[in-house]
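Structure first, commentary second.
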Amino acid sequence: MRHPSSLKQEFLKKWILGLQRCGFSSKKSTSIMERKKAIKLSADLAMASTRNGTACWSRALIANASRDHESKILAEQILGPESQSLKKASSTMPPVICSRRIRSKKILKRSCSSQVRRVRKIALPQKVLSANSVAKRLVQKRTNILKSLVPGGEYMDDISLIEETLDYIAYLRAQVDVMRFVASATEVVNRNSD
């Protein structure tokens, strides 16, 4: 793992470059939602390209950004010349399922499982579950939640998921630190200009 300050510097450089490629340096009128989408996408892609597409989560972020046509164009603008090499790396990822479909599956699963629970309570006599089975269920539940949080996590085994999660957290921390620094610097500049 590289030193956090060099990671933050590279992320900031790529993020600013991505924002400039989006057209934020010009005085072009864009809506707040368009700006929000471009800022989030450029931050995610800057983070993924800082990782050089070598981690599963970074390839998944790039693959997700290239799904719909509008985001694909924006992603190509943000990534610039390195977009082709990073897209080739991300093409090895299995397709990431649309989040709407995942949400609807979760809702369906919850509604079905609540009906099953009611049936089980009526049909089965009360049994004391062993601590081992409770722990296994708890670990499985938390693993599934973690898989939904880490980009590309749905396709990882448990060991890879933990490694990728630790790496992803380090990069998210760097992203948050850089964004906080930029926000505080902007505040200082705005205060001094008033």
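- Without hydrogens or angle criteria, S66 side chain to A63 main chain gives no donor-acceptor distance under 3.5 Å.
- Using a distance-only test at 3.5 Å, with no hydrogens or angles considered, no donor-acceptor pair links the side chain of S160 to the main chain of D157.
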Exercise. Could you go through the side chain to side chain contact (heavy atoms under 4.5 Å, CB included) check for I39 and L19 one step at a time?
Key: CA-CA 7 Å; I39 289 169; L19 290 173; 4.0 Å; yes
Practice problem: Could you please spell out the steps behind the side chain to side chain contact (heavy atoms under 4.5 Å, CB included) verdict for R191 and E187? | Solution: CA-CA 6 Å; R191 245 188 272 138; E187 248 179 56; 3.3 Å; yes
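- Hydrophobic cluster membership for I145: L149 (Ile, Leu, Val, Met, Phe, Trp, Tyr linked by side-chain heavy atoms under 4.5 Å, directly or transitively).
- Checking each of D44, T50, V182 against W15 for a side-chain contact (heavy atoms from CB on, under 4.5 Å) leaves exactly one that passes, namely V182.
- Shown here for E164 and C56, the closest heavy-atom pair between the two residues is OE1-N, 3.1 Å.
- When every heavy atom of N52 is checked against every heavy atom of K14, the shortest pair comes out as OD1-NZ, 4.1 Å.
- Heavy atoms of other residues, nucleotides or ligands lying less than 6.0 angstrom from CG of L138 number more than 12.
- Expressed to the nearest 0.5 Å, how far CD of E154 lies from CG of N144 amounts to 10.5 Å.
- Not counting sequence neighbours, T143 has no partner by the side chain to side chain donor-acceptor pair (under 3.5 Å) test.
- Nearest heavy atom pair, residue R59 against residue T54, reads NH1-O, 3.1 Å.
- Taking the side chain as every heavy atom from C-beta outward, Y168 and R51 never approach each other to under 4.5 Å.
- N192 is linked by a side chain to side chain donor-acceptor pair (under 3.5 Å) to nothing, counting only residues two or more places apart in sequence or in another chain.
- Of all heavy-atom pairs spanning L7 and A170, the tightest one is CD2-O, 4.2 Å.
- No side-chain heavy atom of T165 sits under 4.5 Å from any side-chain heavy atom of K147.
- At a threshold of 4.5 Å between side-chain heavy atoms, the hydrophobic network of Ile, Leu, Val, Met, Phe, Trp and Tyr places L161 and L172 in one connected group.
- The hydrophobic cluster containing L41 does not contain L17, counting ILVMFWY residues as joined when their side-chain heavy atoms lie under 4.5 angstrom apart, directly or transitively.
- For M156 against P151, the heavy-atom pair with the smallest separation is CE-O, 3.8 Å.
- A pairwise comparison of heavy atoms in S58 and A55 identifies OG-O, 2.7 Å as the closest pair.
- Side-chain contact check for L61 versus L45: every heavy-atom pair is 4.5 Å or farther apart.
- Here the side chains of V176 and R173 are not in contact, with every heavy-atom distance at 4.5 Å or above.
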